[in-house]
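A quick write-up on the structure given underneath.
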Amino acid sequence: MPVALPRIELGDITPHNIKQLKVLNQVVFPVTYNDKFYKDVLDVGELAKLAFSIDIVVGAVCCRTDMQEGQRKLYIMTLGCLGPYRRCGVGKKLLDHVMKIAKDDGQYDAIFLARSDQ
């Protein structure tokens with residue numbers, strides 16, 4: 001019998017929940033992000049989202065707009081979720097949100113991300 005996937009909702013990153021993003025990033029990524037990263041995340045609006053399952057933070061995406069070589073690019077700085085929620089649609093929901101922003105904006109020349117195999 002297939003297991004039901006958890007319901008995933010996206011929410012804003014605010015000064016009230018930024019610590020939850022910090023904890024998530026410490027668990028998910030092999031690098032430590034500095035205070036400037038988190039300050040900048042608070043200023044990007046819809047380009048940064050938390051993923052919740054039953055009011056528990058299980059994933060996040062953080063992006064920014066970069067200008068490189070005269071092109072406007074959407075840079076996905078982080079995209080990740082907790083291990084138990086992988087393959088449950090969390091990453092897809094977060095990536096779909098980013099893609100919708102880029103499409104609705106219509107002014108991005110490219111979308112890119114850095115990846116880590118660790």
Side-chain angles (χ1 to χ4, degrees):
M1 176 186 237
V3 175
L5 296 178
R7 181 176 171 90
I8 304 300
E9 299 290 336
L10 300 186
D12 295 336
I13 298 173
T14 70
H16 300 289
N17 63 22
I18 192 78
K19 287 182 181 178
Q20 291 177 299
L21 175 64
K22 287 180 183 181
V23 170
L24 177 86
N25 285 350
Q26 288 170 349
V27 171
V28 172
F29 300 114
V31 297
T32 301
Y33 294 95
N34 61 31
D35 289 339
K36 183 181 181 323
F37 172 88
Y38 294 103
K39 182 189 172 302
D40 291 346
V41 163
L42 289 171
D43 295 332
V44 297
E46 288 295 306
L47 292 177
K49 287 290 185 185
L50 292 174
F52 294 90
S53 176
I54 315 170
D55 295 329
I56 298 168
V57 174
V58 298
V61 64
C62 299
C63 306
R64 71 173 185 240
T65 300
D66 280 352
M67 289 298 294
Q68 293 180 351
E69 301 169 357
Q71 291 189 321
R72 186 169 179 249
K73 298 181 178 183
L74 182 62
Y75 172 41
I76 301 171
M77 299 183 293
T78 62
L79 172 66
C81 71
L82 296 175
Y85 291 87
R86 292 187 184 143
R87 304 194 59 82
C88 292
V90 177
K92 180 181 183 331
K93 184 142 189 157
L94 291 164
L95 191 55
D96 286 350
H97 173 78
V98 171
M99 298 302 286
K100 181 176 182 334
I101 288 172
K103 182 180 178 183
D104 290 350
D105 180 278
Q107 300 296 310
Y108 288 103
D109 297 300
I111 300 171
F112 70 105
L113 62 93
R115 73 170 205 174
S116 171
D117 292 328
Q118 296 180 357

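Hydrogens, waters and symmetry mates play no part in the numbers below; they use all other heavy atoms, side chains included. If you read the sequence from its start, that first residue is 1, and numbering goes on from there.
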Heavy-atom closest pair, residues Ala102 and Ile111:
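Shortest heavy-atom contact: CB-CD1, 3.7 Å.
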Give me the atom names and distance for the closest heavy-atom approach of Leu24 to Gly59.
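The answer is CD2-C, 3.5 Å.
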To the nearest 0.5 Å, tell me how far [X] [atom1] sits from [Y] [atom2].
X: Ile13; Y: Glu46; atom1: CD1; atom2: CD; answer: 10.5 Å
X: Asp35; Y: Ile18; atom1: CG; atom2: CD1; answer: 10.0 Å
X: Gln107; Y: Thr65; atom1: CD; atom2: OG1; answer: 11.5 Å

Qualifying ring pair (Phe, Tyr, Trp, His ring centres under 6.0 Å) pairs, either residue in residues 42-71, two or more places apart
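Of all non-adjacent pairs touching residues 42-71, none passes ring pair (Phe, Tyr, Trp, His ring centres under 6.0 Å).
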I'd like to check the side-chain hydrogen bond (donor to acceptor under 3.5 Å, both in side chains) partners of Asp12; sequence neighbours left out, ordered by chain and number.
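Checked Asp12 against side-chain hydrogen bond (donor to acceptor under 3.5 Å, both in side chains); matches are Lys49.
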Excluding sequence neighbours, so at least two apart, what forms side-chain hydrogen bond (donor to acceptor under 3.5 Å, both in side chains) with Tyr85?
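Here no residue qualifies.
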Give the table of side-chain donor-acceptor pairs shorter than 3.5 Å for residues 26-33, with sequence neighbours excluded, one pair per line with atom names and distance.
none

Just jot down the salt bridge (charged side-chain N to carboxylate O under 4.0 Å, His left out) partners of Lys36, sequence neighbours excluded, or say none.
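Counting only residues at least two positions away or on another chain, Lys36 forms a salt bridge (charged side-chain N to carboxylate O under 4.0 Å, His left out) with Asp40.
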Would you please name every residue forming a salt bridge (charged side-chain N to carboxylate O under 4.0 Å, His left out) with Lys100, sequence neighbours left out?
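Checked Lys100 against salt bridge (charged side-chain N to carboxylate O under 4.0 Å, His left out); matches are Asp104.
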Answer yes or no on whether Lys73 is positioned over the face of Tyr108, meaning its NZ or CZ is under 6.0 Å from the six-membered ring centre and within 45° of the axis.
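Relative to the ring axis of Tyr108, which defines the angle, Lys73 lies outside at least one limit.
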Identified side-chain contact (heavy atoms from CB on, under 4.5 Å) counterpart of Leu113 within the set Val61, Thr78, Ile76:
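Exactly one pass, corresponding to Ile76.
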Okay, side chain of Asn17, backbone of Gln20: is any donor-acceptor separation there less than 3.5 Å?
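Here the side-chain-to-backbone pair does not exist.
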